[in-house]
Amino acid sequence: MCEKNKKVSKWLSTVFGDQTIPEYEVNTRTVDILYQLAEASEVRCNETSLLIEDQKQKTSEYQADGVHLQNVVLQGVGLSSGSLSKPASDYLSALVANAKVLGVRDTSLSSFVPAVNNLTNELLESEKTDRRLDRELNALRTKLGSVLVLRKTFQEDIKKTMKAQEVESAKAEERLLNMDFVKAKSKDLSYRNKKAEDQLTSRHMENRISHQALMELCEQVYTLKQEILPLSKKLEPYRDLSPSPSLAQVKIEEAKRELAAVDAELEMKVDFMNSSLPKGRPLK
């Protein structure tokens, strides 16, 4: 336990350095967990150190191989690094850089030409793709303009619809208020009608003096008056005759009797209607 605690303290000091180590509860479980972390960290650090050493060694080997290959190439063409002029060295560096960019095996013309042709084909394909994308972009711009115009139209239609809806809502509210008033009025009239009917029933009202019966009597009176008119017109020619002719006298007497009979019937109807009406309201 003491050895583990020492190793944990040493590892925490290494990890946090100049910073203050956070406080933790020292118990068997905590120390075991921190000890496992310390061992895992130590193993990882060792692996990292080995990897760094390996990379350094490979870098040294690659540098040595590069120097060796450079010497071999320069000696093969009868040149040395010190004998090359500044422009020649620059051209050589540019040639090597282009070879790396093109991904060719060597710097021969047979390797550069296919690589350049491939790049040219890729450039043509890219230009073709750019033209196609430009056409699609123009089409999308045209569609976007149409969509914006349609959107504006929809917004205006929505505003008009909302205004119309507000007007209709106001009208509907007004109709509801009127309907409530009509319902209340109808209910009041129904109550008053029922009350009037109950009053008439309590007073033993006869049907012959009801409004419908009076209207029927008025229609009968009007019908009798219309029947009297032809008789009156029939008497018109005889009113200017001399009373001496016996035939005219007979006709006049007959017409007078018919007129008297009709007048008597009419007077009976009127008297009956007047007797049916309340006092003070004779039928005119």
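With values rounded to the nearest 0.5 angstrom, Ile52 atom CD1 is found 14.0 Å from Gln57 atom CD. Rounding to the nearest 0.5 angstrom, the gap separating the CG atom in Leu123 from the CG atom in Asn117 is 12.0 Å. A distance of 15.5 Å separates CG in Leu189 from NZ in Lys194, rounded to the nearest 0.5 Å. Atom OG of Ser60 is separated from atom CD of Gln55 by 11.0 Å, given to the nearest 0.5 angstrom. In this structure, NZ on Lys187 lies 15.0 Å from CZ on Arg192, to the nearest 0.5 angstrom. To the nearest 0.5 Å, the span separating CG on Leu176 from NZ on Lys183 amounts to 8.5 Å.
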I'd like to know whether Glu125 forms a side-chain contact (heavy atoms from CB on, under 4.5 Å) with Glu122, so could you lay out the CA-CA distance, the side-chain angles of the two residues, the decisive distance to 0.1 Å, and finally the verdict.
CA-CA 5 Å; Glu125 290 295 330; Glu122 292 178 0; 5.6 Å; no

Check step by step if side-chain contact (heavy atoms from CB on, under 4.5 Å) holds for Asp54 and Leu50.
CA-CA 6 Å; Asp54 183 65; Leu50 293 175; over 6 Å; no

Chi angles and distances behind the side-chain contact (heavy atoms from CB on, under 4.5 Å) call for Glu47, Arg44:
CA-CA 5 Å; Glu47 291 177 353; Arg44 181 63 61 85; 4.1 Å; yes

Run the numbers on Asn46 and Glu42 for side-chain contact (heavy atoms from CB on, under 4.5 Å), then give the verdict.
CA-CA 6 Å; Asn46 292 332; Glu42 185 177 357; 3.9 Å; yes

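Proximity of Val167 to Lys171: side-chain heavy atoms (C-beta onward) are separated by under 4.5 Å at one or more points. Counting only heavy atoms from C-beta outward, the side chains of Arg131 and Lys128 approach each other to under 4.5 Å.
A donor-acceptor pair is defined here as one N or O able to donate and one able to accept, closer than 3.5 Å; such a pair exists between the side chain of Thr223 and the backbone of Glu219. No side-chain donor-acceptor contact under 3.5 Å links Ser41 to the backbone of Leu37. Under a 3.5 Å cut-off, the side chain of Asp188 and the backbone N or O of Ala184 do not form any donor-acceptor pair. Proximity of a side-chain donor or acceptor of Asn138 to a complementary backbone N or O of Asp134 within less than 3.5 Å is detected.
Residue Arg132 places its CZ atom among more than 12 non-hydrogen atoms of other residues, nucleotides or ligands, all under 6.0 Å distant. In the displayed structure, Glu174 atom CD is contacted under 6.0 Å by at most 12 heavy atoms of other residues, nucleotides or ligands.
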